[in-house]
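The shown structure was predicted, so the numbers you read here are calculated from the model rather than taken from an experiment. Note: hydrogens, waters and symmetry copies are ignored here, and every other heavy atom, side chains too, is used.
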Amino acid sequence: MKNKFLFFIAAVMAVIFIVTGCSSDFDYKKADVDTSVSDAPYSNARIGICIYQLNDDFMSLFSEEMVNYLVSLGFSKDNIIVLGSSNNQAIQLSQVEELVEKKVDVMIVNPVNASIVNSITEQAVANDIPLVYINREPSAEEESNWEEYDLDVTYVGCDARQSGIYQGELLIDFGVDKLDLNKDGALQYYMIEGAPENIDAGFRTMYSVSTLENAGIKMDCLLDEVGNWDMATAKLIVAKGLSQGLVPEVILCNNDAMALGTMEAIKEADLVPGKDIYVAGVDALPEALQEVKNGGLIGTVFNDYISQSHSAVDAALKYLAGEKNEHYIGCEYVKVNSQNAEDIIKEMGSNTAVEKREDD
């Protein structure tokens, strides 16, 4: 690994040497915007954004907010390239190559999975393109390489362990006596996990259950399956479990999209979410927040895409200004229940949609 990174750093120096004297000449299309915007320092800067899957509800909100924030700072929409990778690592790697060929000045990447992060990093470093990872945290080994070689690479996101802990605490705060519908002294539950190889999914799964167990609550797992962050997949998983007579008291979902799919399956089984089966999610999607207010969801964990998207853009701007970032830029989750759901809704406000391209 060390030799590999030394090779790429040497490549970076060679590229810098070749383009010295012309690197500041932009050949990008000028935006049709106000004079105040066109004169902004970033009006000609080009930024590439690569999202693991644009039809993911959370990442759609995240990417839209990034674009809105970039435009508000003076970026031209023509110079903001947003690509969706269809949850396919081969597509994402080719898109990173595409962004390199387009000579973007900085990249923001939401990786399909942790196994391709090193390849993405190497392409960025070799071409002297600063890189900001978002939402899906790379491995500790990968992050240590950024530190060791002082690379212009950072990660912006929350500690997924906290989201798992908060999800468990939501159930504890609600009251275990209320959740223990059959009064057997244990909670029968389903776990609907996000995706294999995903650090966030692993931590959310582990820490939600361990938080409950550490509080002295006996946990009885009836079903544990991967829903791939997808509403329809989660719905199928839960419907199948219920059809087999596996009726839980609680269903823990790694994200809100799967929680919403879970609720649909419960309703179609002639059961009532929030009464016959309790469901908890993570992300605080607008639809999920309404369900928390209405009692359909016991709670969710606010994964603040607004502050995270702004932090990711701010990190990118520091790189554009020739400054350094910390290699890990953290944030805090927020527990959401029926008491504060309305406050979170107001905080989120409204977002402006942006035209995006999803490659097949």
Side-chain angles (χ1 to χ4, degrees), residues 1-28 42 44-52 66 70 75 79-85 88-157 197 199 312-329 357 359:
M1 179 64 73
K2 183 174 180 179
N3 289 335
K4 185 181 292 184
F5 270 94
L6 288 174
F7 168 81
F8 282 115
I9 290 171
V12 169
M13 295 306 295
V15 171
I16 292 171
F17 176 79
I18 292 170
V19 302
T20 296
C22 61
S23 60
S24 62
D25 294 331
F26 292 97
D27 189 29
Y28 309 140
Y42 306 114
N44 283 334
R46 201 170 225 198
I47 187 165
I49 299 172
C50 198
I51 304 297
Y52 97 98
M66 277 197 295
L70 284 163
F75 280 81
N79 290 333
I80 304 170
I81 304 168
V82 183
L83 304 175
S85 304
N88 184 304
Q89 63 181 28
I91 290 175
Q92 186 161 76
L93 288 172
S94 69
Q95 288 173 337
V96 170
E97 291 177 0
E98 177 185 341
L99 293 175
V100 169
E101 290 171 1
K102 289 180 180 294
K103 301 186 185 303
V104 296
D105 299 292
V106 63
M107 286 194 289
I108 298 177
V109 177
N110 167 224
V112 168
N113 57 48
S115 63
I116 64 169
V117 166
N118 182 256
S119 296
I120 295 171
T121 301
E122 289 180 346
Q123 286 199 59
V125 171
N127 290 278
D128 196 27
I129 301 173
L131 175 61
V132 179
Y133 285 108
I134 54 172
N135 186 250
R136 295 183 164 192
E137 185 174 358
S139 67
E141 179 183 2
E142 176 71 16
E143 291 178 359
S144 69
N145 283 328
W146 309 342
E147 185 81 34
E148 181 177 356
Y149 298 106
D150 193 28
L151 304 179
D152 284 340
V153 184
T154 188
Y155 168 71
V156 175
E197 293 189 39
I199 293 174
V313 169
D314 291 342
L317 297 189
K318 285 188 71 175
Y319 283 139
L320 287 176
E323 301 176 25
K324 291 289 186 179
N325 284 292
E326 296 293 328
H327 295 293
Y328 182 96
I329 300 171
R357 171 163 67 85
D359 286 354

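Contacts of Ile80 classified as side-chain contact (heavy atoms from CB on, under 4.5 Å), with partners at least two apart in sequence or in another chain: Ile47, Ile49, Val67, Leu70, Val71, Phe75, Val82. In this view, Glu147 and His327 satisfy the side-chain contact (heavy atoms from CB on, under 4.5 Å) rule, not counting sequence neighbours. For the side-chain contact (heavy atoms from CB on, under 4.5 Å) test, residues two or more places apart in sequence or in another chain that qualify with Ser115 are Gln89, Asn113, Glu197.
Within the 3.5 Å criterion, the main-chain N or O of Asn135 finds no donor-acceptor partner in the side chain of Asn110. With Asn88 contributing its side chain and Ala90 its backbone, the two residues share a donor-acceptor pair below 3.5 Å. A side-chain donor-acceptor contact under 3.5 Å links Ser139 to the backbone of Glu142.
Rounding to the nearest 0.5 Å gives a distance of 10.0 Å between CZ of Arg136 and OH of Tyr155. Remark: Ile329 CD1 to Ile134 CD1 distance equals 12.0 Å, nearest 0.5 Å. Taking OG of Ser119 as the start and CG of Leu93 as the end, the distance is 5.5 Å to the nearest 0.5 Å. If you take CG on Asp128 and CG on Asp152, they are separated by 7.5 Å, rounding to the nearest 0.5 Å. Residue Thr121 holds its OG1 atom at 10.0 Å from CD1 of Ile116, rounded to the nearest 0.5 Å. Here the straight-line distance linking atom CG of Leu131 with atom CD of Glu122 works out to 12.0 Å at 0.5 Å rounding.
Taking both residues in full, the closest heavy atoms of Met107 and Ala124 are given as CE-CB, 3.7 Å, listed atom of the first, atom of the second, then distance. Minimum interatomic distance between Cys50 and Leu99 (heavy atoms only, all atoms of both residues): CB-CD1, 4.5 Å. Across all non-hydrogen atoms, the minimal contact from Ile108 to Ala312 is CD1-O, 4.1 Å. Between Ile91 and Gly84, the closest heavy-atom pair is CG2-O, 4.4 Å. When all heavy atoms of Pro138 and Glu143 are compared, the closest pair comes out as O-OE2, 3.6 Å. For Leu320 against Ala45, the heavy-atom pair with the smallest separation is CD1-CB, 4.2 Å.
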Notebook entry, point to check: Hey, mind stepping through Val104 and Ile81 against side chain to side chain contact (heavy atoms under 4.5 Å, CB included) and telling me if it holds?
Noted result: CA-CA 9 Å; Val104 296; Ile81 304 168; 4.1 Å; yes
Next item on the list: Would you sort out whether Val132 and Tyr319 count as a side chain to side chain contact (heavy atoms under 4.5 Å, CB included), showing the intermediate values?
Entry: CA-CA 9 Å; Val132 179; Tyr319 283 139; 4.0 Å; yes
Checklist line | Verdict with supporting geometry, Asp150 and Lys324, side chain to side chain contact (heavy atoms under 4.5 Å, CB included) | finding: CA-CA 9 Å; Asp150 193 28; Lys324 291 289 186 179; 3.6 Å; yes
Next item on the list: Kindly indicate, with the supporting measurements, whether the criterion side chain to side chain contact (heavy atoms under 4.5 Å, CB included) is fulfilled by Asn145 and Glu148.
Entry: CA-CA 5 Å; Asn145 283 328; Glu148 181 177 356; 4.1 Å; yes
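Among residues at least two apart or in separate chains, ring pair (Phe, Tyr, Trp, His ring centres under 6.0 Å) pairs with a member in residues 97-143 are Tyr133-Trp146. Pairs passing the ring pair (Phe, Tyr, Trp, His ring centres under 6.0 Å) check and including a residue from residues 104-124, sequence neighbours excluded, do not occur. Applying the ring pair (Phe, Tyr, Trp, His ring centres under 6.0 Å) rule to pairs touching residues 112-132 yields nothing, sequence neighbours excluded.
For the pair Arg46 and Lys103, the minimum side-chain heavy-atom distance is 4.5 Å or more. At least one side-chain heavy atom of Pro111 sits less than 4.5 Å from a side-chain heavy atom of Gln92.
Between Thr154 and Glu326, the side chains place no donor N or O within less than 3.5 Å of an acceptor N or O (distance only, hydrogens not considered).
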